[in-house]
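Note that the coordinates shown come from a computational prediction; the quantities given were computed from them, not determined experimentally.
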Amino acid sequence: MTVKSYLPPMRALQVFEALGRLGSVAGAAQELGVTPGAISQQLKILEEHLSMKLINKDGRRTALSDEALAYHRLVSEGFDRLRMAHTVLQRAKMGADLKVSGLPTLLLKWLNPLLHDIQPHLGDVPLRLEATHLEPDPEMPVDMFRLTYGDVAQRFPHARKLFTDICFPACSPAFLDQHPSARTAEGLLDLPLIDIDWGPAYNSVPRWADWFAAHGLVGARFKTVAVHSLSSTALEAAAGGQGVVLAQRAFVRFDLELGRLVRLSDDSMPMPLPYYVCWGDTTLDQPKAREFLNWLIAISRKFKDEA
């Protein structure tokens, strides 16, 4: 008699994690090096194992079902941990470099556009960037800088506040041309809104209901067209004309400068907690680490002064 395994097949979980993260069967197939048909087959295996529906299809669009979203978040944390374990081994083999781990959108939208300023000063020391929501475990070697948000910074041996951000509505110029009412809170109620949900650990981060309440529209009904777990994908959706996003200044500043997005209101809401740079007891022993830290603090101070 064959006993059914408690855990689903690892390949099926890998496919499920990739699909939820990338948002399409084609994207998951490309990343994993298989056909779209193989992706669908593995998803069917997982659904049969779990006895639940994981995928909703709307025409050609594929999305996780409501029941699958929480499951995907936990599965993703597990795969993030596996990737981190592999990264630790690779670092040990590759030798010294300057490692910076951070929340994905903080690295992509705030830090990355500024790196051209520091790279000439690092000489032959390579800069290794790791974008992940998963915070390094206290028992793992903390030999990197970590850019993170909120009270989790206190877990690290050393932490320095970078800045406290603000948020405001933004959309593409073309969307504003079509919907000039987006300039007011009342006008936004009738427009497609792009929401951002970082998960239950960040439930104090402002969302659309908070924005409307701050403008005297407590309990107002509004139309959310998509909810993103990453601020970066929400910003890309807004730049593509899909609706209005409640954007953080740190993440949207270069899109505003490039004209991809337009700020809709001079009003803003503060983020409840600051962003931090954190490091371990041995981090500053690495080549150029102290120079990078001083540079990071300097650009964060300049960013605050520009507010």
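Between atom CD1 of residue I166 and atom CE of residue M271 there is a gap of 11.0 Å, rounded to the nearest 0.5 Å. Rounding to the nearest 0.5 Å places CZ of R249 at 8.5 Å from CZ of R263. A distance of 9.0 Å separates CD in Q30 from CG in L22, rounded to the nearest 0.5 Å. Taken to the nearest 0.5 Å, the CD atom of E77 stands 9.5 Å off from the OG1 atom of T132. To the nearest 0.5 angstrom, L98 atom CG is 9.0 Å from L129 atom CG. Atoms CG and CD1, from L115 and I118 in turn, are 8.5 Å apart once rounded to the nearest 0.5 Å.
Side-chain atoms of Y275 do not come within 3.5 Å of backbone N or O of L147 as any donor-acceptor pair. T282 places no side-chain N or O within donor-acceptor distance of the main-chain N or O of D285, the cut-off being under 3.5 Å. At distances below 3.5 Å, at least one donor-acceptor pair connects side-chain atoms of D210 with backbone N or O atoms of R207. Between the side chain of T105 and the main chain of S232, a donor-acceptor pair closer than 3.5 Å is present. A donor-acceptor distance shorter than 3.5 angstrom exists from the side chain of D165 to the backbone of A250, with no hydrogens or angles considered. When atom types are taken as modelled, the side chain of H72 and the backbone of E17 share a donor-acceptor pair closer than 3.5 angstrom. A donor-acceptor pair is defined here as one N or O able to donate and one able to accept, closer than 3.5 Å; such a pair exists between the side chain of W208 and the backbone of I194.
Using a 4.5 Å heavy-atom cutoff, the side chains of E135 and L103 are in contact. Side-chain contact check for F222 versus L217: every heavy-atom pair is 4.5 Å or farther apart. Contact annotation: the side chain of I45 approaches that of P9 to within less than 4.5 Å [non-hydrogen atoms, C-beta and beyond]. Proximity of L127 to L122: side-chain heavy atoms (C-beta onward) are separated by under 4.5 Å at one or more points. Looking at Q42 and Q14, their side chains never come closer than 4.5 Å, going by heavy atoms from C-beta outward. Side-chain contact between I55 and L19 is present, with heavy atoms from C-beta onward closer than 4.5 Å. Side-chain contact check for L7 versus M10: every heavy-atom pair is 4.5 Å or farther apart. The closest side-chain heavy-atom distance from L108 to L230 is not below 4.5 Å.
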For this session: Begin from the C-alpha positions of W110 and R253 and carry the test side chain to side chain contact (heavy atoms under 4.5 Å, CB included) through to its verdict.
Result: CA-CA 8 Å; W110 183 70; R253 57 186 305 209; 4.2 Å; yes

Problem set entry | R183 and V262: CA distance, side-chain angles, deciding distance, side chain to side chain contact (heavy atoms under 4.5 Å, CB included) verdict | CA-CA 10 Å; R183 290 285 190 185; V262 178; 4.1 Å; yes

For this session: Check the pair C278, T148 against side chain to side chain contact (heavy atoms under 4.5 Å, CB included), reporting the backbone distance first and the verdict last.
Result: CA-CA 8 Å; C278 311; T148 192; 3.9 Å; yes

For this session: Start with the C-alpha distance between V100 and W279, add both sets of side-chain angles, then the distance that settles side chain to side chain contact (heavy atoms under 4.5 Å, CB included), and finish with yes or no.
Result: CA-CA 9 Å; V100 182; W279 64 96; over 6 Å; no

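Cluster annotation: L235 is not connected to L191 through the hydrophobic network of ILVMFWY side chains, with a link wherever side-chain heavy atoms come within less than 4.5 Å. Note: the hydrophobic cluster containing V125 also contains L296 (ILVMFWY, side chain heavy atoms under 4.5 Å, direct or indirect links). Linking Ile, Leu, Val, Met, Phe, Trp and Tyr residues whenever their side-chain heavy atoms come within less than 4.5 Å places L13 and V15 in a single cluster. The cluster map of Ile, Leu, Val, Met, Phe, Trp and Tyr, joined by side-chain heavy atoms under 4.5 Å apart, puts F79 and F16 in the same cluster. Hydrophobic clustering (side-chain heavy atoms under 4.5 Å, transitive across Ile, Leu, Val, Met, Phe, Trp, Tyr) groups M52 together with I39.
Of all heavy-atom pairs between G20 and L64, the closest is CA-CD1, 3.9 Å. The shortest heavy-atom contact between A234 and I196 is CB-CG1, 3.6 Å. Minimum heavy-atom separation, L188 to L193: O-CD2, 3.8 Å. Nearest approach of F254 to K109, heavy atoms of both residues: CD1-O, 4.0 Å. When all heavy atoms are compared, the tightest approach of L261 to S172 is CD2-N, 3.8 Å. Shown here for L264 and L176, the closest heavy-atom pair between the two residues is CD2-CD1, 3.7 Å.
Ring geometry for W198 versus Y202: interplanar angle over 60°, hence perpendicular rather than tilted (30 to 60°).
Checked for salt-bridge contact, R146 and E130 miss the test: no charged N lies under 4.0 Å from a carboxylate O.
Counting heavy-atom neighbours within 6.0 Å of D151 CG, excluding the residue itself, gives a total of 12 or less. Under a cut-off of 6.0 angstrom, the local environment of CZ in R160 is sparse, with at most 12 non-hydrogen atoms contributed by other residues, nucleotides or ligands.
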